[in-house]
Each structure stands twice: as structure tokens, then as C-alpha cells.
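None of the values given here were measured: they were computed from a predicted structure. Order of listing sets the numbers, starting from 1, for every ligand and every atom in it.
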Amino acid sequence: MKVLKFGGTSVGSAQRIREVAKLITGGERKIVVLSAMSGTTNSLVEISDYLYKKNPDGANEVINKLEAKYKQHVNELYNTDEYKAKGYEIIKTYFDYIRSFTKDLFTMFEEKVVLAQGELISTHMMNCYLQECGVKSALIPALEFMRTDKNAEPDPVYIKEKLQQQLEVFPEAELFITQGYICRNAYGEIDNLQRGGSDYTASLIGAAIHSSEIQIWTDIDGMHNNDPRIVDQTAPVRQLHFEEAAELAYFGAKILHPTCIQPAKYANIPVRLLNTMEPTAPGTLISNETEKGKIKAVAAKENITAIKIKSSRMLLAHGFMRKVFEIFEANQTSVDMVCTSEVGVSVTIDNDKNLNHIIDELKKYGTVTVDQDMCIICVVGDLEWENLGFEAKAVAAMKNIPVRMISYGGSNYNISFLIRECDKNAALQALSDKLFNGK
Ligand code: ADP
Ligand code: ASP
Ligand code: MG
């Protein structure tokens, strides 16, 4: 059974929902994961923000606007009066529920519930439309099987068992519809897999059912070799190794959620990125295959902080590194890049919540320098150390950009540069020009 995930823009209007319905009907049995209609989760975040600020009027204004939009979607989506009435009923139920949060105490628990409504609405609307079209579809609730453990990591054993039970409820179903993004935590409370997390839902489901393929359908024809929102002349990459895709997703390629590749990689299930607007385009296949001798793509991750710890005591000292890294561990902050010299070490972090505490602790071991508003540029491809000239080409492309750190050799697939955030666009364009466009 295949798993197909459709993102926000793919279900962003009545017309798009109809087109997705066409794509998913017929053929083998499948599980379809849907995001909220585009813009909805942002509106739910805005509503929550008003409610945190104890401004129910502000929240109600956004709720009313969003509800009006949904009424229009319902009117355009369903063909018959009977189903239009069902559609209005669905919308009314969800929006009355969202409105109920404007009257009471609002905490992070309520926020998680509000944020979950987008995926609940889109899946309910789609399932109702499929039924109007006479398709034997079944809506399986993600909140009954998608769950994280006490470390906020997905619990694969629970997911597998409970998902199987849900599938068995509908032996006649031709296809299953479920919500991306939303889950329950270890205490049974409604939670989510972070923004953009529907991709993660799809790969967790794929791994749980040993799917033959996980398809991520979005609004572009696969992973491009650079960020198409920033760089001129990007092109789709037809094939990526799991590790290459994971590096690109982690280091900023928005098309994939950073954690989505991991479950597919462990279960060795190919992931295919496809375009809802152009369903016959080949897209990108992510698998265990490596294409030798090629630099594939570039991505950038912003909001990076670099920390340098310099100490003459580091020279020949055992345990200096351990002490430094223990400080990051104790502050629940993960380190991305690391560069060392005889007298110091530079690291980068993307979460500066505990920065002040980290700096205080590090000062016990040396002189600490912090650079904020930095950006990691990640070049991905067959970067095995014995290949000649690949890293040299990437470095040459960066010749006009001040580079604070370079990391190479940590894997066979990547070389990373740390630069100032303000140089990001120029660096991405220079890399594309040199590596892909022969300029
Ligand atoms: P969805 O709503 O379907 O999850 P996203 O907006 O999360 O879609 O991801 C698709 C978008 O990712 C594209 O429209 C594109 O602008 C952006 N993007 C950023 N980097 C890349 C890249 N390297 N390749 C393809 N798309 C990218
Ligand atoms: N709807 C959620 C978001 O906008 C999840 C997703 O689209 O993947 O972040
Ligand atoms: Mg996405």
C-alpha cells in the first residue's frame, strides 16, 4: 500500500481538492495524508496569539474571516444540495468549537487543540467530497494512532499497532484519508509534529505499514538544486540518496520537513516528491542509490548562532571537548557545525533559548565569542573525500563571500559554510552559477 501526502497548496481551494480527489481515486488501496488548506494553520496561530493576549475580539475577527472563506470553499466544492448542507454542517461544528476557546482560559494545551483544527477540517471535507463522488473512502483519525513518547519522539510501536487497528475498522475501504501534522503526546494530550510536520506523518505511516512508496505531493516538480524562491535558474534534481535529502531538508530546503526522511530511510522505503499542479512530471526519487561524481543541490538555514571558545588550556588537555559539549547537552541545545584548532573550538547552534546560560558556563573554560544572525550554506552531493576537486569547486564559488567556518568530512554527502545571514542570497546564487549553470 502506498502513502500519499498532499500539502497545504495542493488542497488550497475547492478546485485543488477536486483535482487531488481525481489523483487518489482508482488503482491500488492507499493511505492519503492531508495538510490543512494553505493559510489555515497561520490563521490558527494568529487566533491563538490573540487569545494568549486576552483579546477575544481580535481572535473572533480572524475566526469569522476564516469561516467565511470555508463557507465559500464548501459552496464551490460540493455538487449537490445534500452535500453542500453536509459541508456547511462540518464547517459550523469546527468553527463553533474554535470559537468556544475565546471564552475561557487559554494555555499551550488549548493552543495545540486550536492548531489541530485545520487538518481535521480539510480531511473531513475531502472525505465528504469523495463520498459525494461515490468513492469508498474512510476517514481514520490521526489522534487515535499518531503519538509521541516522553522525549517528544514518535512512538513507532504504538503507531504501528493503533494504525493497524484503525485500518481494520474499514475492510471495504478503497482509500483511507487521515490528518498530517497532528498527534497526541505521551500523556494523551493533543499535540503536533511541528510546522510542516505532515511530511513526517506520511513517512511515519509509511514505515508503520511497510509501504512500497511514500509520495509527497506539493506545488513544485520535486527537489530543486537550490531555493527557487531566492535563486534564478534552479532545476529539479531527479534522484537523491536518503542522506542527501535529509541534509537538504535539515539545512533549509523547505520542500521537506527536516525529520521526514529518517523513518523512510530506516525502513528503506523510497520517497517520491511529486507536483500536484503537474502530476505527470517525474519529480524526485529519494532512495538508497547514490549518483556518483555529482554535486546535487544547495540549501541554507538561517538564524544560526556561532560560538567560539578559545583557551590556551585546550592545548594537549584531555577532556576539554567533553566539558564543552556537556554544557550544550545540559542546556538541551544541539550543535550543528563544529570546527576545531589547536587552541579553540567553534560550534553553531540554531536554538539560542539558553544562550546566556551556555555562555556563562563556557566562560569557565576559555574566552567566548558569539556571532549571531549567521547562516549555514549546505552543499550536498557525492562529496566522498577521495573525489578530486568537488570541495574546491564549492570553495571557489564562495570566493567573494566572507566565510566564518567550513565543515567537510563529517559525512560523504556534504560540505557546509557558515556565513553572515545578509550574504545568504549572494552565496546561494554564486553556488548555483558555478556548480550547476556553468557560469
Ligand atoms: P507543502 O505545503 O506542500 O508542504 P511547502 O511550501 O512546505 O509545501 O514546500 C514546497 C515549497 O518549498 C516550494 O513551493 C518551494 O518554494 C519551496 N522550496 C524551498 N527550497 C526548495 C528546493 N530546494 N526545492 C524545491 N522547493 C523548495
Ligand atoms: N498545516 C501544518 C503547517 O502549516 C502542517 C503542514 O502543512 O505540514 O505547518
Ligand atoms: Mg511542507
query: Who's closest to atom 4 (O) of ligand 1 heavy-atom-wise, of K5, M223, H224, H257?
result: K5

task: State the atoms of ligand 2, each with its element, that fall below the 4.0 Å cut-off from a heavy-atom position in R195.
output: 3 (C), 4 (O), 9 (O)

message: Below 30° counts as parallel, above 60° as perpendicular, anything between as tilted: where do the rings of F106 and F101 land?
response: perpendicular

field: Subset of ligand 2 atoms that lie under 4.0 Å from at least one heavy atom of T41
entry: 1 (N), 2 (C), 3 (C), 4 (O)

task: Kindly assign one of parallel, tilted or perpendicular to the pair F6 and W217, based on the angle between their ring planes and the thresholds 30° and 60°.
output: parallel

statement: The atoms of ligand 2 lying under 4.0 Å from a heavy atom of S35, numbered in the order shown, are 6 (C), 7 (O), 8 (O)

query: E119 near ligand 2, heavy-atom distance under 4.0 Å?
result: yes

Side-chain H-bond candidate by donor/acceptor type, Q166 with Q164, under 3.5 Å: no

- prompt: Which of parallel (below 30°), tilted (30 to 60°) and perpendicular (above 60°) describes Y200 and H257?
  reply: parallel

For D219, the ligand 1 atoms whose distance to one of its heavy atoms is below 4.0 Å: 10 (C), 11 (C), 13 (C), 14 (O)

query: Quick one: does G8 get an N or O within less than 3.5 Å of an N or O on ligand 2?
result: no

query: What residue and heavy atom of the protein are closest to atom 6 (C) of ligand 2, and at what distance?
result: S198 OG, 3.3 Å

- prompt: Looking at R229, which atoms of ligand 1 are within less than 4.0 Å of one of its heavy atoms?
  reply: 16 (O), 19 (C)

Selected option - heavy-atom contact closest to atom 21 (C) of ligand 1, from A299, S38, P228, G252: P228

